[in-house]
Number of protein chains: 2
Amino acid sequence: MDWKILSLLQEDGRLSFTALGREVSLSAPAVTERVRRLESLGVITGFTAVVSPARLGLPIESIVRVRVRSLDTPRFRTQVLVLPQVLDADHVTGDDCWLLRVVCRSMVELEELVEVMQRYGDTTTSLVFSSHVRNRPLSPELFG
Amino acid sequence: MDWKILSLLQEDGRLSFTALGREVSLSAPAVTERVRRLESLGVITGFTAVVSPARLGLPIESIVRVRVRSLDTPRFRTQVLVLPQVLDADHVTGDDCWLLRVVCRSMVELEELVEVMQRYGDTTTSLVFSSHVRNRPLSPELFG
DNA sequence: CTTGAAATCCTGATCGC
DNA sequence: GCGATCAGGATTTCAAG
């Protein structure tokens, strides 16, 4: 039941509670309470509009791996992770330390960004040809 | 003006049009039309609930790089990219070809997934320690 | 979880700049 | 083209059962 609600809200985050109720055969206040509970449990962390960088004039998307020297990590976090072009930043195991997803307007801008990151460690940059899966909804099949 | 609307909707995708109108000093029908236009332009591609894999019992998150042999690419796409554990999949430049973000319940499950992917090419797996930036909203600063 | 009533919101038409 | 106002219908919210 909660899974059905989660699936529907991941598909359309603006579904009204009454529409949601119709789908799952529950009254509107009942689904409202379930959604509020999922929020307070931290299962649902928010609702958001999905925006296309390309349509906004940000045609370049790339993944930058940065091997940050440990002494430079604090400055890396305050100088690089706050840049608006950095859409995702994960600290990971392995030699690469950090994986950043970056969007920008041009290769020149990307070059500048990577030069900044180079100050904190070696980088490896991959340009994204195409995204075949983007933020796939979590589904009960994960527990099949 | 459209930027203000985009920022607010990326923060809270369920904001009502009247609340949105109050924030930007516009009437509800006016903001409604602007949002509809942003949707039809493809700037806003949808609305979604943001769900926490960890809170759902998926504590392992990892980035898998797969160097898929080109002859195996069609099967890779139909056999791997459809798995529910694969939340993101990008085709990228460079030696690695594919970058996948994967969530799962345990290291055993991750091992099985990586073994499947190994059938299509060499893999390199990085476990995510922590995500310091996750889906940062696109902001006008990108064009500062 | 459901019901029901009051407050709020959404939608379309119409008008004005 | 863009936004404001208004009325009718739908939705949200809160109380009570």
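The model shown is predicted, which means the values in this text are computed figures rather than measured ones. Here is the naming used below: chain letters follow the sequence lines, and residue numbers restart at 1 for every chain.
Not one N or O on the side chain of A:Arg101 forms a donor-acceptor pair closer than 3.5 Å with the backbone of A:Ser62. With A:Ser130 contributing its side chain and A:His132 its backbone, the two residues share no donor-acceptor pair below 3.5 Å.
With sequence neighbours excluded, no residue forms a salt bridge (Lys or Arg N to Asp or Glu O under 4.0 Å) with B:Arg136. Qualifying side chain to side chain contact (heavy atoms under 4.5 Å, CB included) partners for A:Pro29, counting only residues two or more places apart in sequence or in other chains: A:Ser27. For A:Asp122, there are no side-chain hydrogen bond (donor to acceptor under 3.5 Å, both in side chains) partners two or more places apart in sequence or in a different chain.
Within the 4.5 Å cutoff, the side chain of B:Leu127 has heavy atoms near those of the B:Ile60 side chain.
Aromatic ring orientation, A:Trp98 versus A:His91: parallel (interplanar angle below 30°, classes split at 30° and 60°).
Few gaps surround CE on A:Met1; more than 12 heavy atoms of other groups in view lie less than 6.0 Å from it. Crowding of B:Arg134 atom CZ: a count of heavy atoms from other residues, nucleotides or ligands under 6.0 Å exceeding 12.
Rounded to whole angstrom, the span from the CZ atom of B:Arg34 across to the C1' atom of D:dG1 amounts to 11 Å. In this structure, the CD atom of B:Glu33 is 15 Å from the C1' atom of D:dT5, given to the nearest Å.
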Provide a list of protein-nucleic acid N or O atom pairs under 3.5 angstrom, restricted to nucleotides 9-11 of chain D.
| unit_1 | atom_1 | unit_2 | atom_2 | d |
| --- | --- | --- | --- | --- |
| D:dT11 | O5' | A:Thr18 | OG1 | 3.4 |

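Checking D:dC14, D:dC6, D:dG3 against the side-chain heavy atoms of A:Pro29 singles out D:dC14 as nearest.
A nucleotide of DNA chain C counts as in contact with chain A when one of its atoms lies under 4.0 Å from a heavy atom; the first and last such, 5' to 3', are C:dC1 to C:dT3.
Both the sub-6.0 Å distance and the 45° axial angle are satisfied by B:Arg14 relative to the ring of A:Phe17.
End-to-end axis angle of the helix from C:dC1-D:dG17 to C:dC17-D:dG1, using five pairs per end and rounding to 10°, comes to 30°.
Residue B:Arg37 is classed as having no contact, given no heavy-atom separation below 4.0 Å to the nucleic acid.
Judged purely by distance below 3.5 Å, without hydrogens or angles, the side chains of A:Thr123 and A:Gln118 pair a donor atom with an acceptor atom.
With the nearest nucleotide of DNA chain C identified for both A:Leu26 and A:Arg14, A:Leu26 has the one nearer the 5' end.
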